[in-house]
Engineer: 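Take a look at the following structure, please.
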Protein chains: 2
Amino acid sequence: MSTLSDVAALAGVSISAVSRVLSNAPSSRVSGATRTRIEDAARELNYHPNFAARALKFSRTNVVALVVPDLTNAIFSELMRGVEETAAELGYMVLLARAESMQPAAATMARLVGEGRVDGVLVQVGDNTTTEDLAGILDGRVPAVLINSRREDHVGSVILPDEAGVAVAVDHLVRLGHTSIGLVNGLPTTDSAVRRRVGFESAMAAAGLPVNPDFVTSLGYDPQQGRRAMHVLGALPNGPTALVVANVNAALGLLVESRTLGIQVPGDLSIVAIHDAWTAENAWPPLTTVRMPLYELGRVSMAAIFDRIRSEEIDDIVVTEPGPELIVRLSTAAR
Amino acid sequence: MSTLSDVAALAGVSISAVSRVLSNAPSSRVSGATRTRIEDAARELNYHPNFAARALKFSRTNVVALVVPDLTNAIFSELMRGVEETAAELGYMVLLARAESMQPAAATMARLVGEGRVDGVLVQVGDNTTTEDLAGILDGRVPAVLINSRREDHVGSVILPDEAGVAVAVDHLVRLGHTSIGLVNGLPTTDSAVRRRVGFESAMAAAGLPVNPDFVTSLGYDPQQGRRAMHVLGALPNGPTALVVANVNAALGLLVESRTLGIQVPGDLSIVAIHDAWTAENAWPPLTTVRMPLYELGRVSMAAIFDRIRSEEIDDIVVTEPGPELIVRLSTAAR
DNA sequence: CCGCGTTGCTCAATCGTTTGATCAATCGCT
DNA sequence: AGCGATTGATCAAACGATTGAGCAACGCGG
């Protein structure tokens with residue numbers, strides 16, 4: 001790891017000259033001869049500017065943290081790709097952080113920012129995270145953007161068109177002739193679950209169908225809760241003939257429980273899940289899903305935190321392009 | 001974000017005093033009075049030492065990069081947990097990086113270290129990681145530990161007891177009365193696939209069973225390749241009655257293809273997959289798996305890179321404790 | 001040939017932290 | 001009281017990069 005002085009010594013000039021040449025300062029006033037001498041020296045020594053030194057000088061690291069509840073959630077794959085690609089375009093790096101339980105995560109984030117390791121934070125909160133835990137980080141001193149959830153007391157969020165997504169799912173089922181449709185939702189404390197519930201009710205109303213409260217569960221987005229939901233709904237004497245499952249992972253668990261209960265999918269019960277992932281096409285039956293614009297969610301979120309860092313300006317954004325896309329597989333059938 | 005000078009000013013002392021008190025230097029020689037004054041001031045200002053400044057001073061960041069081919073692979077969940085927990089114990093942070101987003105990977109890793117962003121690199125090589133991608137770390141200038149693979153030209157690796165894992169799977173199938181057993185393996189270029197193949201052959205030999213080359217595929221670890229493998233094996237006139245699938249993700253794809261082909265699992269075909277993950281118990285039928293010590297793999301890997309960074313000493317290690325553990329679910333049945 | 005503008009480079013301060021060297025004040029001992 | 005040892009603090013030099021200010025050399029017009 002060579003430094004500016006090493007390069008300067010080799011090229012026989014001062015470190016200032018080297019710095020100016022290598023950072024391509026427009027006002028650099030350097031002769032062509034020294035310029036090439038410096039560039040050659042830098043190449044020979046394989047010079048890379050020291051990250052810590054620059055960060056110290058600029059009090060800026062060009063790093064943002066992306067905090068997600070579970071990195072191995074296939075759903076986040078596209079989100080991360082969007083964030084990372086946009087970050088790279090903007091000259092940023094992404095520090096990926098798991099936040100399984102938020103207590104230590106909040107502390108970790110506070111450290112991350114307090115120690116100046118990152119310039120901003122993108123937070124995707126999960127099922128078992130109340131945004132309360134994040135209060136410390138969201139007090140406005142730290143550039144932060146909430147992904148997939150909103151808070152009254154914090155401006156700066158990017159969310160998905162959840163209502164529209166659920167509407168696409170409901171429409172598909174209605175078109176197939178279903179009238180008795182249930183919703184397997186996330187926890188009511190989750191912001192996205194609230195929006196999905198609203199979307200469900202509007203879509204049902206628009207189709208002229210009643211919402212049976214017994215057909216709506218709000219247990220959570222993970223497979224275990226999907227199982228529980230199926231268990232609850234399966235025990236109903238006259239259950240729904242179709243379900244909108246607000247999360248593909250929950251749908252996987254639900255599918256297993258349906259088999260245990262001897263319920264045929266899609267014969268007895270049609271299922272359409274929100275979010276597409278590789279697990280959906282490798283389930284049996286392969287799941288009909290609504291693909292949400294997660295890649296774009298990532299892109300927009302990164303762009304938003306960038307703006308926030310540079311200009312202090314930030315909005316609450318809904319990603320609308322592209323809209324939710326129905327992917328028909330084998331878990332839905334006509335009634 | 002307050003600095004040492006802020007704290008010093010508030011406490012009415014020099015920054016040296018503050019630094020010594022807050023870093024708990026044993027030779028600090030500070031009076032109890034000033035000590036508490038400084039500590040109070042630090043707390044009041046919510047002081048956190050600046051990361052960049054310390055990194056610059058120590059030319060050490062206490063960060064290691066963990067490079068994995070695909071973050072959303074459920075298998076890596078435990079691995080990451082092991083790495084992160086051990087890192088935390090050793091005072092390190094983990095910079096998670098997707099290999100996919102590091103194009104070209106060699107250059108990105110070189111930059112990571114060249115710019116002094118990380119002190120070392122943990123690399124989990126995937127199916128499509130090329131030797132070229134690793135070029136930067138093989139010359140030994142960068143502290144690096146290979147996870148799950150070994151190379152002649154690089155010392156510093158931690159691997160799983162792959163042979164033993166496959167043996168556990170084979171034993172289970174043999175005990176169930178199977179004699180016609182196949183192997184759905186990873187690419188022959190993958191180091192772990194080679195070891196699993198060896199383990200398969202030894203285990204079969206130990207059971208006094210012949211290995212039918214037609215029953216062995218080496219297409220890859222992902223679901224798509226699992227499907228292809230099933231397609232190939234399903235076309236055989238007298239196929240195997242049981243399969244060891246070297247990766248749980250491949251097994252998921254294989255399972256779907258088996259349904260498409262009308263092959264009953266476990267009626268016509270028993271399946272045991274290497275690696276346990278939440279997807280295994282949420283498949284249908286729930287997959288019998290061999291749980292490998294991935295958490296410990298993470299712990300040992302982190303410990304190894306730590307040693308390498310501190311002392312330049314490094315070994316090639318096999319994680320043996322705990323051994324592979326059979327988890328019986330519903331994808332295997334007696335013959 | 002003097003003064004002025006320009007060119008091409010170097011000096012030196014700065015970011016925040018650590019730490020050996022230094023120094024003033026106090027203490028213990030005779 | 002005198003003097004060395006100890007205590008409790010500060011000074012200042014790094015770490016590596018950036019950048020405004022400064023300075024020597026040169027060209028050129030008058």
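Each chain gets a letter, A, B and so on, in the order the sequences are listed, and its residues count up from 1.
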Engineer: How many Å lie between CD1 on A:Ile38 and P on D:dA17, as a whole number?
Structural biologist: 14 Å
Engineer: Hey, can you pull the residues of residues 44-64 of chain A with a non-hydrogen atom under 4.0 angstrom from DNA chain C?
Structural biologist: A:Leu56, A:Lys57
Engineer: Counting only pairs under 3.5 Å, give me each side-chain donor-acceptor contact of residues 57-65 of chain A, with atom names and distances, residues two or more places apart or in other chains.
Structural biologist:
unit_1: A:Arg60; atom_1: NH1; unit_2: A:Asn62; atom_2: OD1; d: 2.8
unit_1: A:Thr61; atom_1: OG1; unit_2: A:Val63; atom_2: N; d: 3.3
unit_1: A:Thr61; atom_1: OG1; unit_2: A:Arg117; atom_2: O; d: 3.2
unit_1: A:Thr61; atom_1: OG1; unit_2: A:Asp119; atom_2: OD1; d: 3.0
unit_1: A:Asn62; atom_1: ND2; unit_2: A:Gly91; atom_2: O; d: 3.2

Engineer: The criterion is side-chain contact (heavy atoms from CB on, under 4.5 Å); which residues satisfy it with B:Ala303, sequence neighbours excluded?
Structural biologist: none
Engineer: Who are the salt bridge (Lys or Arg N to Asp or Glu O under 4.0 Å) partners of A:Glu44, not counting sequence neighbours?
Structural biologist: none
Engineer: According to side-chain contact (heavy atoms from CB on, under 4.5 Å), who are the partners of B:Thr320, at least two apart in sequence or on a separate chain?
Structural biologist: B:Val318
Engineer: Does A:Asp191 have any salt bridge (Lys or Arg N to Asp or Glu O under 4.0 Å) partners at least two apart in sequence or in another chain, and if so, which?
Structural biologist: A:Arg195
Engineer: Identify, with sequence neighbours excluded, every residue that meets side-chain contact (heavy atoms from CB on, under 4.5 Å) alongside B:Phe306.
Structural biologist: B:Leu90, B:Tyr92, B:Arg310
Engineer: Whole Å only: how far is the CG atom of B:Leu4 from the P atom of D:dA12?
Structural biologist: 18 Å
Engineer: Quick one: list whatever passes salt bridge (Lys or Arg N to Asp or Glu O under 4.0 Å) with B:Arg54, sequence neighbours left out.
Structural biologist: none
Engineer: For residues 36-43 of chain A, dump all side-chain donor-acceptor pairs below 3.5 Å to protein atoms at least two apart in sequence or in another chain.
Structural biologist:
unit_1: A:Thr36; atom_1: OG1; unit_2: A:Gly32; atom_2: O; d: 3.2
unit_1: A:Thr36; atom_1: OG1; unit_2: A:Ala33; atom_2: O; d: 2.8
unit_1: A:Arg37; atom_1: NH1; unit_2: A:Ala11; atom_2: O; d: 2.5
unit_1: A:Asp40; atom_1: OD1; unit_2: A:Arg43; atom_2: NH1; d: 3.4

Engineer: When the C1' atoms of the five terminal pairs at each end define the local axes, what inter-axis angle does the helix from C:dC1-D:dG30 to C:dT30-D:dA1 show, to 10 degrees?
Structural biologist: 60°
Engineer: Under 4.0 Å, heavy atoms only, any strand: does B:Ser19 hit a base, just the sugar-phosphate, or nothing?
Structural biologist: base
Engineer: In chain order, what residues pass the side-chain contact (heavy atoms from CB on, under 4.5 Å) check against A:Ile15, with sequence neighbours excluded?
Structural biologist: A:Leu4, A:Ser5, A:Ala8
Engineer: Provide, to the nearest angstrom, the distance between the CD1 atom belonging to A:Ile15 and the P atom belonging to C:dA13.
Structural biologist: 13 Å
Engineer: Could you go through nucleotides 7-9 of chain D and list every protein N or O atom that sits under 3.5 Å from one of its N or O atoms, giving the distance for each pair?
Structural biologist:
unit_1: D:dG8; atom_1: N7; unit_2: B:Arg29; atom_2: NE; d: 3.3
unit_1: D:dG8; atom_1: N7; unit_2: B:Arg29; atom_2: NH2; d: 3.4
unit_1: D:dG8; atom_1: O6; unit_2: B:Arg29; atom_2: NH2; d: 3.0
unit_1: D:dA9; atom_1: OP1; unit_2: B:Ser31; atom_2: OG; d: 3.0
unit_1: D:dA9; atom_1: OP1; unit_2: B:Thr34; atom_2: OG1; d: 2.8
unit_1: D:dA9; atom_1: OP2; unit_2: B:Ser31; atom_2: N; d: 2.6
unit_1: D:dA9; atom_1: OP2; unit_2: B:Ser31; atom_2: OG; d: 3.3
unit_1: D:dA9; atom_1: OP2; unit_2: B:Thr34; atom_2: OG1; d: 2.9

Engineer: Does the pair B:Glu84/B:Arg81 count as a salt bridge with the N-to-O cut at 4.0 Å?
Structural biologist: no
